[in-house]
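First the structure, in the form of structure tokens, and then the observations on it.
Start at 1 and go down the list; that is how both ligands and their atoms are numbered. Computation of the quantities below employed the complete heavy-atom set of this structure, encompassing side-chain atoms and omitting hydrogens, waters and symmetry-equivalent molecules.
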Amino acid sequence: MPENKEIVLRGIAAAPGICIGKAYLVDREGVNVIRRYHLADAELEDEKDRFKTAVKKSTEELRSIIEETPEDFREHAAILETHVALLRDKMLYGKAIERIEEEKINAEWALKNVVSELKGMFSSMSDAYFRERAADVVHVSDRIMRNLIGKERVNIKNIDKRVILVATDLSPAETSQIQLERIKGFVTDGGGVTSHTGIIARTLQIPAVLGLNNASRIIRNDDIIVVDGTDGTLIVNPRDYTLVEYEERKSRYERQKSLITRTGRHSAATKDNIHIQVMGNIELPEEVFLVRDNGGNGIGLYRTEFQYLQSSGFPSEDELFDKYRDVVEIMAPHPVTIRTLDINGDKAASYTGSLDEANPALGLRAIRYCLTRPDVFRTQLRAILRAAAFGSVRILFPMISGLNEVLEAKKFLAQAAGSLAEEGKTFRADIETGIMIEVPSAVVIADLLAEEVDFFSIGTNDLIQYALAIDRGNRYVSHLYQPLHPAVLRMIRQVTAAAEEKNIRVSMCGEMAGDPIYIPVLLGLGISELSMTPQAIPAVKNTVRSLNMGECRDFSREIFSKTGDREAREFLDKHYGYITEQIYFG
Ligand code: PEP
Ligand code: MG
């Protein structure tokens with residue numbers, strides 16, 4: 001690939017914002033993802049130079065390892081010396097250069113082919129010494145390959161430069177290790193907009209573009225890249241005028257963001273004076289400050305599983321209680337909605353034991369897991385009830401698919417209160433109890449469930465995944481992940497209608513609630529509380545203030561005449577399209 005050619009890639013806009021900086025590749029898949037591409041005659045010299053540079057870098061790396069090897073390990077250093085020699089071997093170095101030239105192919109592919117021939121040749125030799133050389137060839141070529149692709153295994157926590165991460169994929173746990181003062185933003189080949197990776201990026205307030213397919217192959221370490229998380233664009237090696245354009249777009253975005261953030265504490269009432277509670281979702285206790293500073297009216301979703309994911313074993317009751325109490329006290333008098341452990345699925349902790357499930361998203365996760373682990377569930381429920389004595393707490397059960405799960409969970413809650421009372425502990429039992437509506441069966445029986453709880457919280461991330469059969473983290477189907485799909489809108493309407501009938505509250509804490517463009521539809525459908533990544537709060541409040549509830553209700557009735565998500569989106573853009581541009585760029 002020729003140097004410094006501007007390349008524009010389109011992916012999923014996962015976290016808004018714009019950043020410009022040097023790429024830093026994080027490779028979790030090693031160097032096995034090698035593809036072949038053809039080169040024009042004019043590109044061959046550059047490609048050979050690229051290969052030579054990678055070999056030179058590999059030689060330097062090996063030399064410095066040899067120098068740093070203590071006397072006692074000289075034998076090991078001798079092996080490395082043979083690797084240095086191999087780097088220049090005609091059979092490897094010479095042949096790879098020849099292949100690039102003759103077959104007009106990229107250096108990675110040429111190296112891969114030469115290595116596989118060499119390996120075959122050495123492995124079939126009868127002499128053990130030569131057979132072992134096959135392993136040396138692999139070590140050496142891996143090193144060259146890493147330098148060619150610019151990939152290396154990186155511990156995100158240890159990155160000490162101001163960079164933009166480029167990865168094939170990042171797990172939620174890795175993403176939560178990102179050091180804000182170092183990492184400007186990130187891009188990945190995989191991922192979907194409601195993957196937990198995307199959610200964490202929004203919470204951290206760093207621009208992110210996901211689902212780029214082959215970004216980690218195209219980008220090399222230290223390439224200058226531009227990440228526009230507002231529209232999902234990634235630009236590699238931007239030309240000067242592109243840079244100027246994006247610097248300008250970045251300042252406009254930041255200016256507008258700080259203007260809107262300053263209005264975060266204003267209340268969110270529509271023009272016809274209907275108050276909407278706009279709250280924050282948090283993963284870790286520290287994020288409570290983000291909610292407070294962005295003007296959140298409480299925590300609508302505390303994803304408590306992240307404390308479990310960060311720990312090496314199940315946290316104790318006191319460890320949980322300490323964190324919950326902090327959050328509750330900081331947020332008081334505003335409510336904190338503590339969701340019980342939503343573990344497994346894409347959020348598996350290593351110590352829960354490998355379940356070996358073919359479909360973890362449909363497996364023993366969330367409430368299902370807790371009901372099979374009374375010890376784990378009780379510990380958490382006791383910690384929540386104890387924290388409730390320090391402010392306003394609501395409890396929320398995830399992944400409810402039937403009435404029995406609610407009844408059982410409530411029984412556990414009552415038992416937890418009973419045991420605390422017996423022990424004479426300080427706690428509070430009369431707290432609001434709610435359930436996540438994120439499994440289609442819960443929508444269908446919303447009328448039955450409403451009898452048993454004080455509120456519903458619609459989790460569109462999973463609800464859309466399960467109702468439309470679209471893996472929320474799968475980039476190949478992310479274009480089908482449509483909150484305006486008529487089936488999704490009908491489900492929301494069914495839930496709000498059932499809740500209204502039984503006089504209980506409905507909030508929404510899925511990502512749909514944090515995207516300003518959907519607010520007119522959600523208000524019109526009867527959602528009275530919205531919870532989102534903290535940084536979205538000011539923009540959503542701002543949007544609420546620009547709306548008239550009567551008009552939203554009329555609009556949401558009309559949107560049901562649209563038979564597809566595209567028609568619905570066009571209709572929405574026609575009436576409320578101003579929202580997106582105004583929120584991001586003023
Ligand atoms: C949801 O499913 O919409 C939700 C809010 O829960 P989570 O994203 O943690 O699965
Ligand atoms: Mg969910």
Side-chain angles (χ1 to χ4, degrees), residues 14-15 171-173 175-176 191-203 210 278-284 287 291 296 298-310 336-349 359-370 394-401 405 434-443 455-474 478 481-483 485 488 491-492 495 506-515 518 522 527 529-534 536-537 540:
S171 70
T175 314
S176 64
V193 71
T194 59
S195 62
H196 285 98
T197 304
I199 293 171
I200 294 169
R202 287 190 284 283
T203 305
L210 310 183
V278 181
M279 305 192 174
N281 294 348
I282 63 169
E283 281 78 49
L284 293 170
E287 291 162 11
V291 177
I299 309 264
L301 172 64
Y302 179 178
R303 290 184 167 98
T304 57
E305 52 278 7
F306 282 81
Q307 189 180 348
Y308 291 70
L309 294 177
Q310 288 196 333
V336 175
T337 314
I338 305 185
R339 183 175 71 180
T340 60
L341 187 56
D342 185 0
I343 210 151
N344 289 341
D346 65 337
K347 292 177 286 195
N359 294 301
L362 304 179
L364 192 64
R365 55 173 290 206
I367 195 73
R368 303 166 180 187
Y369 177 80
C370 288
R394 302 167 176 176
I395 194 163
L396 178 61
F397 298 116
M399 272 287 282
I400 294 295
S401 61
E405 284 163 342
I435 54 170
M436 293 284 296
I437 301 286
E438 52 183 346
V439 178
S441 59
V443 175
F455 67 97
F456 286 154
S457 186
I458 304 180
T460 46
N461 307 338
D462 277 317
L463 186 57
I464 297 175
Q465 153 163 275
Y466 296 125
L468 306 187
I470 295 160
D471 177 349
R472 60 195 269 189
N474 181 338
S478 60
Y481 202 96
Q482 292 301 343
H485 189 296
V488 177
M491 287 191 295
I492 298 172
V495 173
V506 184
S507 60
M508 178 177 282
C509 62
E511 292 303 294
M512 186 179 185
D515 189 337
Y518 298 128
L522 298 179
I527 307 275
E529 261 183 30
L530 301 158
S531 192
M532 61 211 62
T533 47
I537 293 171
V540 167

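- Electrostatic pairing of Glu438 and Arg472 does not count as a salt bridge here, judged by no charged N lying under 4.0 Å from a carboxylate O.
- Protein heavy atom closest to atom 6 (O) of ligand 1, with residue, atom name and distance, is Arg339 NH1, 3.0 Å.
- Residue contact annotation: Glu511 has no non-hydrogen atom under 4.0 Å from ligand 1.
- Each of the atoms 4 (C), 5 (C), 6 (O) of ligand 1 lies under 4.0 Å from some heavy atom of Met436.
- Distance alone, capped at 3.5 Å, is enough to place a donor-acceptor pair between the Glu305 side chain and the Asp342 backbone.
- Taking every non-hydrogen atom of Cys509 and a distance limit under 4.0 Å, the qualifying atoms of ligand 1 come out as 5 (C).
- With distances taken over non-hydrogen atoms, the option nearest atom 10 (O) of ligand 1 out of Arg472, Glu305, Arg303, Glu438 is Arg472.
- Atoms of ligand 1 found under 4.0 Å from any heavy atom of Asp462 (numbered from 1 in listed order, with element): 1 (C), 2 (O), 3 (O), 10 (O).
- Taking all atoms of both residues into account, the shortest heavy-atom contact from Ala14 to Leu210 is CB-CG, 3.6 Å.
- The two residues Tyr302 and Val336 have their closest heavy-atom pair at CD1-CG1, 4.4 Å.
- Between Ala442 and Ile437, the shortest heavy-atom distance links the atoms CB-CD1, 4.1 Å.
- A donor-acceptor pair shorter than 3.5 Å can be found between the side chains of Ser531 and Asn281.
- Taking 2.8 Å as the limit, the number of protein N, O or S atoms around the Mg ion (ligand 2) is 2.
- Contacts between Thr460 and ligand 1, counted as non-hydrogen atom pairs separated by less than 4.0 Å, involve the backbone only.
- Listed by atom number, the atoms of ligand 1 under 4.0 Å from Leu301 heavy atoms are 5 (C).
- Looking at every heavy atom in both residues, Gln465 comes nearest to Ala361 through NE2-CB, 4.2 Å.
- Arg368 places a side-chain N or O within 3.5 Å of a backbone atom of Gly363 that can act as its donor or acceptor partner.
- The existence of a salt bridge linking Arg202 and Asp515 is excluded, since no basic side-chain nitrogen approaches an acidic carboxylate oxygen closer than 4.0 Å.
- Evaluation of the side chain to side chain contact (heavy atoms under 4.5 Å, CB included) rule for Thr340 yields Phe377, Gln380, Leu381, Ile384, Ile395, Phe397, Pro398 as partners, not counting sequence neighbours.
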